[in-house]
**Student:** 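Here it is, the structure in full.
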Amino acid sequence: MHDFAPIAELLNQDRPGYTLPQRLYTSEEAFAFDTQVMLKSVWLYACTVAHVKNPGDFYVFEMANNSVVILRGKDGVVRAFYNTCTHRGSRLCEAQSGTMPRVMCPYHFWTFGLDGKLIAARGMPEAFDKSAHNLREVALENCGGLLFVCFAENPPPIDRAKADIAAGIALYNLDKLKVAATEDLHDEANWKLVMENNRECYHCESNHPELLQSLSGSGFGRGNPEDGVASAEADVDAERKRWQAMGIWQDLVEFPDKGWHRVGRLGLANGALSQTIDGQPASKKLIWPIDHAEPTSVSVWTHPNSWHHFCCDHVVTFSVMPVAPGRTLVRTSWLVHEDAVEGEDYTVENLTRVWKATNRQDRHLAEINHAGIATDGYRPGMYALEENLVDAFKTFYVERGKAALEAAGRP
């Protein structure tokens with residue numbers, strides 16, 4: 001068992017409004033704490049219902065040494081199980097996603113139903129009880145089509161987040177979408193720095209020319225009275241009454257009760273109707289019930305590992321998972337209407353161009369951030385007013401980290 005007393009000490013050194021102590025970003029002990037304690041105590045975004053659209057579809061979600069198979073059963077129910085055979089522990093699914101009629105262990109061919117129940121185990125003793133060897137289930141919750149898992153024996157409450165997220169994205173009906181493209185990037189940076197970079201647009205003007213064709217950055221930490229930048233509220237004031245009449249408006253939900261979710265409708269910039277280079281919809285088949293495009297999108301942020309953008313024609317989802325102290329997996333998926341035809345209604349190149357460019361720019365920023373923090377010259381620095389959402393993420397990490405240590409009876 002790890003001695004996490006040094007981590008507890010570092011968490012207690014946190015200063016509101018400042019970045020974390022160096023070792024919480026760079027050390028092996030912090031990586032062990034993050035992946036074995038803190039991240040196991042919270043809900044983690046894994047994928048969408050569109051990733052497991054049909055019975056037999058599976059998707060593998062991994063966090064450090066843990067691997068989870070998310071699959072849709074013949075009854076239509078989506079479940080999550082450890083990607084571990086209950087015989088001798090072999091990994092069950094080697095592919096990251098796919099379709100299968102049942103789960104079969106490649107080692108000794110133990111076979112499980114899509115509901116996790118053991119169907120066949122050859123050569124076992126007469127007294128062998130198959131029902132005692134079903135796959136081990138992992139807690140899973142469907143929040144409006146976004147699927148979250150939790151490794152804790154007693155997962156934290158999720159009802160408020162589930163209701164807020166579902167209400168905010170119901171218009172986009174994820175059950176009727178399909179995955180058009182997925183891309184994995186590995187950032188040579190700590191996962192917390194990747195998340196912190198996402199939580200602000202203080203860096204956007206000088207780094208994201210493609211993204212700023214459709215996003216002004218308002219709503220991403222801007223709008224403080226002191227900073228002189230127009231708020232997201234001001235940006236949408238002119239449109240709000242019309243959107244209310246259309247039934248697509250909802251008020252901003254911002255990490256209620258020190259929670260882990262933020263949901264907001266934002267205006268798009270430069271007359272854009274979607275997050276594309278030219279601002280025009282990337283797909284001819286709209287995904288919401290309105291018969292035309294509007295200059296708006298819904299953004300969902302969840303601590304500690306995801307963000308999502310919902311446009312009238314497509315959805316982009318992002319997940320972040322630590323791989324090593326200085327290495328992070330960023331997985332991006334683009335979803336379109338299930339009836340949209342590639343090459344006719346959309347092209348993958350146009351659909352993915354903005355966020356592929358932005359992800360690579362953000363990768364560079366996170367990597368130089370990590371490289372600088374790793375030097376002797378680093379000291380925790382003060383956040384700008386526009387980085388208030390970064391501070392919110394960091395505070396979540398510190399508070400949940402302390403609570404997880406206390407619950408585990410550590411350090």
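In what follows, every heavy atom counts, from backbone to side chain, and hydrogens, waters and symmetry copies are set aside.
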**Student:** If you define the side chain from C-beta out and look only at heavy atoms, does anything of L11 sit under 4.5 Å from F33?
**Tutor:** yes
**Student:** May I ask you to test the E94-P106 pair for a side-chain heavy-atom distance under 4.5 Å?
**Tutor:** yes
**Student:** Nearest heavy-atom pair of D278 and Q280: which atoms, and what distance?
**Tutor:** OD1-N, 2.9 Å
**Student:** Taking the six-membered ring for Trp, are Y346 and W334 closer than 6.0 Å centroid to centroid?
**Tutor:** no
**Student:** Please name the residue in the list Q361, Q275, K356 that meets the side-chain hydrogen bond (donor to acceptor under 3.5 Å, both in side chains) test with E210.
**Tutor:** Q361
**Student:** Thinking salt bridges, do E338 and K285 make one under a 4.0 Å N-O criterion?
**Tutor:** no
**Student:** Answer with yes or no after comparing the ring centroid distance for W110 and F128 against a 6.0 Å cut-off, counting only values under it.
**Tutor:** yes
**Student:** Apply side chain to side chain donor-acceptor pair (under 3.5 Å) to T182 and S333, showing your working.
**Tutor:** CA-CA 4 Å; T182 298; S333 294; 3.2 Å; yes
**Student:** With heavy-atom distances below 4.5 Å as the criterion, would you say the side chains of P289 and L171 are in contact?
**Tutor:** yes
**Student:** Not counting sequence neighbours, which residues clear side-chain contact (heavy atoms from CB on, under 4.5 Å) with N270? List them please.
**Tutor:** none
**Student:** Provide the closest heavy-atom pair for L44 versus P304 in the form atom of the first, atom of the second, distance.
**Tutor:** CD2-CG, 3.7 Å
**Student:** Answer yes or no: does atom NZ of K178 have more than 12 heavy-atom neighbours from other residues, nucleotides or ligands under 6.0 Å?
**Tutor:** yes
**Student:** Atom CZ of R240 and atom OG1 of T296: how far apart are they, to the nearest 0.5 Å?
**Tutor:** 11.5 Å
**Student:** Hey, do the aromatic rings of H203 and H208 have their centres closer than 6.0 Å?
**Tutor:** yes
**Student:** R23: what forms a side chain to side chain donor-acceptor pair (under 3.5 Å) with it, not counting sequence neighbours?
**Tutor:** E29
**Student:** Only counting residues at least two apart or in another chain, list the ones meeting side-chain contact (heavy atoms from CB on, under 4.5 Å) with V390.
**Tutor:** E196, R199, E200, Y383, E387
**Student:** Heavy atoms only: give me the nearest R400-V42 pair and the separation to one decimal.
**Tutor:** NH1-CG1, 4.1 Å
**Student:** What is the ring orientation for Y25 with Y378, classed by angle as parallel under 30°, tilted 30 to 60°, or perpendicular over 60°?
**Tutor:** perpendicular
**Student:** For A50, is there any backbone N or O sitting under 3.5 Å from a side-chain donor or acceptor partner on T48?
**Tutor:** yes
**Student:** With sequence neighbours excluded, what pairs up with N154 under the side-chain contact (heavy atoms from CB on, under 4.5 Å) test?
**Tutor:** none
**Student:** Strictly distance-based, threshold 3.5 Å: is any side-chain N or O of K130 a donor or acceptor partner for the main-chain N or O of I119?
**Tutor:** yes
**Student:** Let me confirm one number: the CG-OG1 distance from D184 to T332, rounded to the nearest 0.5 Å.
**Tutor:** 8.0 Å
**Student:** Can you name the closest pair of heavy atoms from H314 and A282 and give their distance?
**Tutor:** ND1-CB, 4.3 Å
**Student:** Between the main-chain N or O of A8 and the side-chain N or O of N12, is there a donor-acceptor pair closer than 3.5 Å?
**Tutor:** yes
**Student:** When rounded to the nearest 0.5 angstrom, what distance separates NZ in K394 from CG in L389?
**Tutor:** 13.5 Å
**Student:** As a quick check of understanding, evaluate side-chain contact (heavy atoms from CB on, under 4.5 Å) for T86 and N134, giving each step before the final call.
**Tutor:** CA-CA 7 Å; T86 52; N134 297 331; over 6 Å; no
**Student:** Below 4.0 angstrom, N of the basic side chain to O of the carboxylate: do R91 and E62 qualify?
**Tutor:** yes
**Student:** Are more than 12 heavy atoms from other residues, nucleotides or ligands located less than 6.0 Å from atom CD of E406?
**Tutor:** no
**Student:** Say you draw a straight line from CG of D3 to CD1 of I7; how long is it, rounded to the nearest 0.5 Å?
**Tutor:** 9.5 Å
**Student:** May I ask you to decide if N83's main-chain N or O and S67's side chain share a donor-acceptor pair within less than 3.5 Å?
**Tutor:** no
**Student:** Report, as yes or no, whether the 6.0 Å neighbourhood of atom CZ on R136 holds more than 12 heavy atoms from other residues, nucleotides or ligands.
**Tutor:** no
**Student:** Kindly indicate whether the side chain of K192, heavy atoms from C-beta on, has any atom under 4.5 Å from the side chain of L20.
**Tutor:** yes
**Student:** How far does CZ of R72 sit from NE2 of H51, to the nearest 0.5 angstrom?
**Tutor:** 12.5 Å
**Student:** Can you list the steps and then say if V316 with F310 is a side-chain contact (heavy atoms from CB on, under 4.5 Å)?
**Tutor:** CA-CA 7 Å; V316 193; F310 295 78; over 6 Å; no
**Student:** Side chains of D313 and S283: donor-acceptor distance under 3.5 Å anywhere?
**Tutor:** no
**Student:** Indicate yes or no for a side-chain donor-acceptor contact from K53 to the backbone of V179 under 3.5 Å, with no hydrogens or angles considered.
**Tutor:** no
**Student:** Do side-chain atoms of S97 reach the backbone of Y59 as a donor and acceptor pair under 3.5 angstrom?
**Tutor:** no
**Student:** Would you say that D57 contacts N54 through its side chain, given a criterion of any heavy-atom pair below 4.5 Å between the two side chains?
**Tutor:** yes
**Student:** Would you call the rings of F318 and W307 parallel, tilted or perpendicular, where under 30° means parallel and over 60° means perpendicular?
**Tutor:** parallel
**Student:** Is it the case that the ring center of W355 lies less than 6.0 angstrom away from the ring center of H309?
**Tutor:** yes
**Student:** Using only heavy-atom distances, determine whether the side chains of R102 and T111 contain a donor-acceptor pair under 3.5 Å.
**Tutor:** no
**Student:** Would you say the side chains of S131 and H133 form a donor-acceptor pair under 3.5 Å?
**Tutor:** no
**Student:** Report yes if some heavy atom in the side chain of L39 is under 4.5 Å from a heavy atom in the side chain of P322; otherwise report no.
**Tutor:** yes
**Student:** Check whether more than 12 heavy atoms from other residues, nucleotides or ligands sit under 6.0 Å from atom NE2 of H108, and answer yes or no.
**Tutor:** yes
**Student:** Tell me whether the centres of the aromatic rings in H303 and Y397 are closer together than 6.0 Å.
**Tutor:** no
**Student:** Considering residues at least two apart in sequence or located in another chain, which fulfil the side-chain contact (heavy atoms from CB on, under 4.5 Å) criterion with Q36?
**Tutor:** H2, A32
**Student:** Tell me if a side-chain donor or acceptor on S27 pairs with a main-chain N or O of L24 at a distance below 3.5 Å.
**Tutor:** no
**Student:** Okay, side chain of T347, backbone of G343: is any donor-acceptor separation there less than 3.5 Å?
**Tutor:** no
**Student:** I'd like to check P156 versus W43 (side-chain heavy atoms, cut-off strictly below 4.5 Å). Are they in contact?
**Tutor:** yes
**Student:** Looking at F148, W301, F61, which one forms a ring pair (Phe, Tyr, Trp, His ring centres under 6.0 Å) with Y45?
**Tutor:** F148
**Student:** May I ask you to test the T19-I373 pair for a side-chain heavy-atom distance under 4.5 Å?
**Tutor:** no
**Student:** Find the distance between CG (L329) and OG (S319) and round it off to the nearest 0.5 Å.
**Tutor:** 6.0 Å
**Student:** I need the minimum non-hydrogen distance between R265 and I248, along with the two atoms involved.
**Tutor:** NE-O, 2.6 Å
**Student:** Measure from NZ or CZ of R15 to the centre of the six-membered ring of Y18 and say whether it is under 6.0 Å with the direction within 45° of the ring axis.
**Tutor:** yes
**Student:** What are the two closest non-hydrogen atoms of I158 and W260, and how far apart are they?
**Tutor:** CG1-CZ2, 3.5 Å
**Student:** Exactly one of R262, Q250, H261 should register a side-chain hydrogen bond (donor to acceptor under 3.5 Å, both in side chains) with D164. Which one does?
**Tutor:** H261
**Student:** My understanding is that only residues two or more places apart in sequence, or in another chain, count here; which of them pass side chain to side chain donor-acceptor pair (under 3.5 Å) with R79?
**Tutor:** D75
**Student:** Return yes when atom NZ of K176 has more than 12 non-hydrogen atoms of other residues, nucleotides or ligands closer than 6.0 Å, and no otherwise.
**Tutor:** no
